[in-house]
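Everything quoted here is computed from the prediction, not taken from an experiment.
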Amino acid sequence: MTAEPSSRLAARPAAGTLITVAPTGAESEKSAVPALPVTLDELVTTAKECREAGASVIHVHIRDGQARPTLDVGSLTDTVHALREATDLIVQLSTGGAVTDTFERRLAVLGAGPDACSLTCGTVNFGDDVFMNPWPFMCELYVRTQELGVVPEFELFDLGHVAALHRLLGKFGLPHGGHVHCDLVMGVPGGMPGDAATLVQAVAALPAGATWSATGVGRTSLPVMFAALAAGGHLRVGMEDTITFSRGRPVASNAELVARAATLAELAQRSAMTPDQARDMLGIAILAG
Ligand code: KMH
Ligand code: ZN
């Protein structure tokens with residue numbers, strides 16, 4: 001007897017798995033997490049290792065000379081160039097920055113010329129802080145991505161953010177590249193929980209035709225990864241989201257998180273995509289040469 005696909009989640013699994021690495025983030029301190037890549041050299045080395053391990057996208061936050069988060073546009077531009085020189089990864093700059101960054105600085109990130117950027121679809125409690133993404137800011141950022149030809153990835157920390165994404169697309173149309181790709185960021189204290197039931201609900205609410213990846217923060221990393229693979233989604237991993245590899249064992253490198261994700265994707269018979277395959281799916285121009 002042949003089983004029929006019974007749900008829209010399982011009906012059309014993607015042919016491969018897009019793996020994004022988020023190596024640094026804005027929250028962890030280098031003094032507490034020595035393996036965190038914070039200099040340009042460390043970031044480039046990490047990017048090469050993660051590409052080798054199966055990543056196709058790098059989600060970038062940078063640090064200043066004191067390892068503090070910065071959105072300095074000159075440094076971001078140098079970072080984009082250095083990553084392009086060293087790898088063929090899709091370079092996605094964070095427009096979320098740190099919770100202390102102003103809207104003006106976050107909008108200016110697009111001036112660094114990335115392939116892609118994050119665009120969070122609403123405000124969310126973020127541990128003891130608040131990550132601010134009011135509607136007018138979302139709109140301004142989205143329109144700038146369209147004008148500058150940067151492909152946004154819609155970051156969804158909560159089910160209400162999915163509704164805001166529908167509203168954004170209804171008002172301004174499709175993103176540059178013509179394809180909607182989302183990342184469910186799950187398990188943030190204040191956002192949606194990182195479990196399979198919530199993931200299924202969020203995926204069911206996404207716009208038709210959208211692709212999606214999922215990220216489970218902290219101890220939700222593995223349950224979210226398994227649920228995402230089971231539901232036909234893509235993966236984001238990295239030390240921005242997870243600094244513990246297993247109980248009591250700190251993450252040694254971003255590459256080991258990517259390697260674990262790639263192994264699970266392989267077991268799910270949807271191996272890691274190459275950057276060119278990911279570019280094709282996301283509507284990002286293939287690199288010349
Ligand atoms: N650092 C968080 C406040 C993003 O990169 O777009 C926001 C964040 C999301 O990491
Ligand atoms: Zn980020």
Side-chain angles (χ1 to χ4, degrees), residues 5 8-23 43-44 46-60 80 83-94 113-119 145 149-156 174-185 199 203 206-215 224-238 240-241 254-289:
R8 62 177 281 232
L9 292 175
R12 284 176 191 272
T17 302
L18 179 154
I19 300 177
T20 298
V21 62
L43 187 62
V44 168
T46 296
K48 287 194 219 166
E49 291 169 358
C50 290
R51 166 67 175 99
E52 194 64 28
S56 49
V57 179
I58 185 164
H59 168 83
V60 178
V80 170
L83 290 170
R84 287 212 179 114
E85 185 118 318
T87 75
D88 59 351
L89 290 168
I90 294 169
V91 181
Q92 179 195 93
L93 291 183
S94 166
D115 300 302
C117 70
S118 55
L119 192 162
T145 64
V150 177
V151 172
E153 175 181 274
F154 301 100
E155 309 295 329
L156 308 170
L174 287 171
H176 178 75
H179 177 72
V180 175
H181 182 73
C182 308
D183 181 40
L184 306 174
V185 187
L199 181 139
V203 171
L206 293 179
T211 52
W212 57 278
S213 57
T215 310
V224 166
M225 190 147 42
F226 282 112
L229 284 171
H234 303 275
L235 306 175
R236 175 175 126 170
V237 294
E240 172 166 347
D241 308 314
N254 280 283
E256 73 172 357
L257 292 171
V258 174
R260 177 165 70 178
T263 300
L264 295 178
E266 181 86 39
L267 283 171
Q269 301 188 4
R270 289 197 294 116
S271 328
M273 285 182 174
T274 65
D276 277 354
Q277 289 169 329
R279 283 172 194 276
D280 189 44
M281 184 178 91
L282 299 174
I284 296 174
I286 305 280
L287 292 176

Check your understanding: If you take all heavy atoms of A86 and V44, which pair is closest and at what distance?
Key -> CB-CG1, 3.6 Å
Revision key, fill the gap. Here the gap from S94 atom OG to H59 atom NE2, rounded to the nearest 0.5 Å, amounts to 4.5 Å
Practice item. List the atom of S118, the atom of E155, and the distance in Å for their closest heavy-atom pair. Key: CB-OE2, 3.4 Å
Point to revise | Heavy-atom side-chain contact between L199 and W212 under 4.5 Å | key: yes
**Study point:** Close side-chain approach of L264 and L229, heavy atoms under 4.5 Å
**Key:** yes
Check your understanding: What distance separates D115 CG from R279 CZ, expressed to the nearest 0.5 Å?
Key -> 4.5 Å
Study note, to complete from the structure: Here the gap from L83 atom CG to I90 atom CD1, rounded to the nearest 0.5 Å, amounts to 13.0 Å
Check your understanding: Between T211 and H234, do the side chains contain an N or O donor and an N or O acceptor separated by less than 3.5 Å?
Key -> no
Point to revise | side-chain contact (heavy atoms from CB on, under 4.5 Å) evaluation trace for V57 with L18 | key: CA-CA 8 Å; V57 179; L18 179 154; 4.0 Å; yes
**Study point:** V151 side chain near P175 side chain, heavy-atom distance below 4.5 Å
**Key:** no
Check your understanding: How many angstroms lie between CD1 in I284 and NE2 in H181, if you round to the nearest 0.5 Å?
Key -> 9.0 Å
**Study point:** Check: C50 and I58 side chains under 4.5 Å, non-hydrogen atoms
**Key:** no
Review point. Taking side chain as C-beta onward, heavy atoms only, is Q277 less than 4.5 Å from S56?
Key: no
Exercise for review: Check whether any side-chain heavy atom of T145 lies under 4.5 Å from a side-chain heavy atom of H176, and answer yes or no.
Suggested key: no
Practice item. Provide the closest heavy-atom pair for A55 versus L89 in the form atom of the first, atom of the second, distance. Key: O-CD2, 3.4 Å
Point to revise | Reference residue R51; test side chain to side chain donor-acceptor pair (under 3.5 Å); the match among T274, T87, D88, T46 | key: D88
Point to revise | Value rounded to 0.5 Å, distance of OG1 in T17 from CZ in R270 | key: 4.0 Å
Check your understanding: Residues in side-chain hydrogen bond (donor to acceptor under 3.5 Å, both in side chains) with D241, at least two apart?
Key -> R236
Check your understanding: With respect to V237, which candidate in L257, V224, T215 satisfies the side-chain contact (heavy atoms from CB on, under 4.5 Å) definition?
Key -> L257
Check your understanding: Looking at side-chain heavy atoms only, is the closest gap between L93 and V80 below 4.5 Å?
Key -> yes
Review point. Measuring from E153:CD to C182:SG, what's the distance to the nearest 0.5 Å?
Key: 8.0 Å
Review point. Between V21 and P23, what is the shortest heavy-atom contact and its length?
Key: O-CD, 3.4 Å
